[in-house]
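For the single chain, residues carry numbers from 1 onward in sequence order. Note that these values count all heavy atoms, side chains included, but never hydrogens, waters or copies made by symmetry.
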Amino acid sequence: MTEVFLRRLSRWQAEQQRESVADLYVAAYEEVPGAQSPGRGGFLRRFEEDVQRPGFDMIIAGDPFLVGCAYGYPPGREGEWWHGFRGAATDGTEELAASDRVFALAELMVLPDRRRMGIATRLQERLLARQEADLLTTLIAATNTPAAAAYTSWGWTRSHRPPTAPAPVEGERMEAWTRRPAG
């Protein structure tokens, strides 16, 4: 197995890689038990919006071909994505949101044949290490037990109250997960 290198992409570079990232997205979700995907078109529409958000940050993993990526952004005080976490996380969340001290991990994906090699761990650690947030958030499909197990092992905690944001796939129930940054 070849070594996997991580690289941070600028907003412009991320936009230039959109088709490769969409290919990765489709491949990453087509075989995940319990995961539903909005499809390539749905992902590309969401990615186009996400890459324009203030504070967007993205890390890719390659060998040299793209095998994984993680990206996110501060959802902002009034961001649509944040509303999925209103009342869904731990005490103090509202105050953190009001002061823009939250970072949302919007996507973390690795090719199926490259999973369980520590790539996702490295991607999320590298992405989150330079964020100046007091709370990290993400949404995970309630049926995606492999993702829930991975996030649990990384110190994330599932909220007991449901998010209010619409799921990427109609009818899919999402769960809000949070973590405090290391250090």
Side-chain angles (χ1 to χ4, degrees), residues 1-29 32 35 37-38 40 42-77 79-82 84-85 96-97 99-140 144 146-147 150-156 165 168 176-183:
M1 196 66 48
T2 60
E3 187 172 352
V4 174
F5 298 95
L6 301 185
R7 183 170 64 115
R8 177 165 270 105
L9 297 185
S10 69
R11 183 184 316 269
W12 181 84
Q13 290 169 321
E15 289 173 340
Q16 298 303 307
Q17 294 291 320
R18 68 190 301 265
E19 295 297 327
S20 296
V21 174
D23 290 344
L24 172 66
Y25 178 84
V26 170
Y29 284 103
V32 174
S37 165
R40 182 185 180 83
F43 171 78
L44 282 169
R45 283 187 294 280
R46 185 167 49 96
F47 185 71
E48 183 178 351
E49 291 174 11
D50 290 349
V51 87
Q52 297 303 318
R53 294 177 186 265
F56 174 86
D57 197 8
M58 182 173 184
I59 303 286
I60 61 170
D63 69 351
F65 300 104
L66 188 62
V67 299
C69 89
Y71 74 82
Y73 44 81
R77 295 175 187 151
E80 178 183 321
W81 206 83
W82 172 253
F85 293 94
L96 293 173
S99 63
D100 278 337
R101 302 294 298 165
V102 178
F103 185 82
L105 175 58
E107 197 64 62
L108 174 62
M109 52 190 153
V110 175
L111 289 175
D113 65 342
R114 301 305 295 272
R115 292 189 182 137
R116 306 198 63 73
M117 298 178 177
I119 297 169
T121 301
R122 290 176 55 206
L123 282 165
Q124 63 103 26
E125 285 175 355
R126 177 81 60 90
L127 179 70
L128 301 175
R130 82 177 210 177
Q131 304 309 319
E132 296 181 8
D134 293 325
L135 183 69
L136 307 169
T137 62
T138 196
L139 292 175
I140 301 175
N144 192 343
Y151 278 86
T152 298
S153 74
W154 298 327
W156 293 74
W177 287 66
T178 60
R179 188 184 103 189
R180 298 289 175 167

Given the rule in the side chain to side chain contact (heavy atoms under 4.5 Å, CB included) test, do Y71 and V51 qualify, once you have shown the distances and angles that lead to the verdict?
CA-CA 9 Å; Y71 74 82; V51 87; over 6 Å; no
Side-chain donor/acceptor of [X] to backbone N/O of [Y], under 3.5 Å:
X    : Y    : result
R180 : D134 : yes
R114 : V4   : no
R11  : R53  : yes

Nearest heavy atoms of [X] and [Y], plus distance in Å:
X    : Y    : value
A133 : F103 : CB-N, 3.6 Å
D50  : A106 : OD2-CB, 4.3 Å
L123 : A70  : CB-CB, 4.0 Å
G68  : L66  : O-CD1, 3.5 Å
I60  : C69  : CG2-CB, 3.9 Å
F56  : A14  : CE2-CB, 3.8 Å

Applying salt bridge (Lys or Arg N to Asp or Glu O under 4.0 Å), can you list everything that pairs with R8, at least two apart in sequence or on another chain?
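In terms of salt bridge (Lys or Arg N to Asp or Glu O under 4.0 Å), with neighbours along the sequence ignored, R8 is linked to D57.
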Return the [atom1] to [atom2] distance between [X] and [Y], rounded to the nearest 0.5 Å.
X    : Y    : atom1 : atom2 : result
T121 : W154 : OG1   : CH2   : 5.0 Å
I140 : L105 : CD1   : CG    : 8.5 Å
Y151 : T138 : OH    : OG1   : 4.0 Å
I59  : R126 : CD1   : CZ    : 6.0 Å
E19  : F47  : CD    : CZ    : 10.5 Å
F43  : E48  : CZ    : CD    : 11.5 Å

Among L111, V67, L108, find the one that has a side-chain contact (heavy atoms from CB on, under 4.5 Å) with I119.
V67
I would like to know whether Q17 and M58 meet side chain to side chain contact (heavy atoms under 4.5 Å, CB included); could you show each step before the answer?
CA-CA 11 Å; Q17 294 291 320; M58 182 173 184; 5.8 Å; no
Any salt bridge (Lys or Arg N to Asp or Glu O under 4.0 Å) pairs touching residues 65-74, not counting sequence neighbours?
none
So for atom CZ, which belongs to R116, do other residues, nucleotides or ligands contribute more than 12 heavy atoms lying within a distance under 6.0 Å?
no
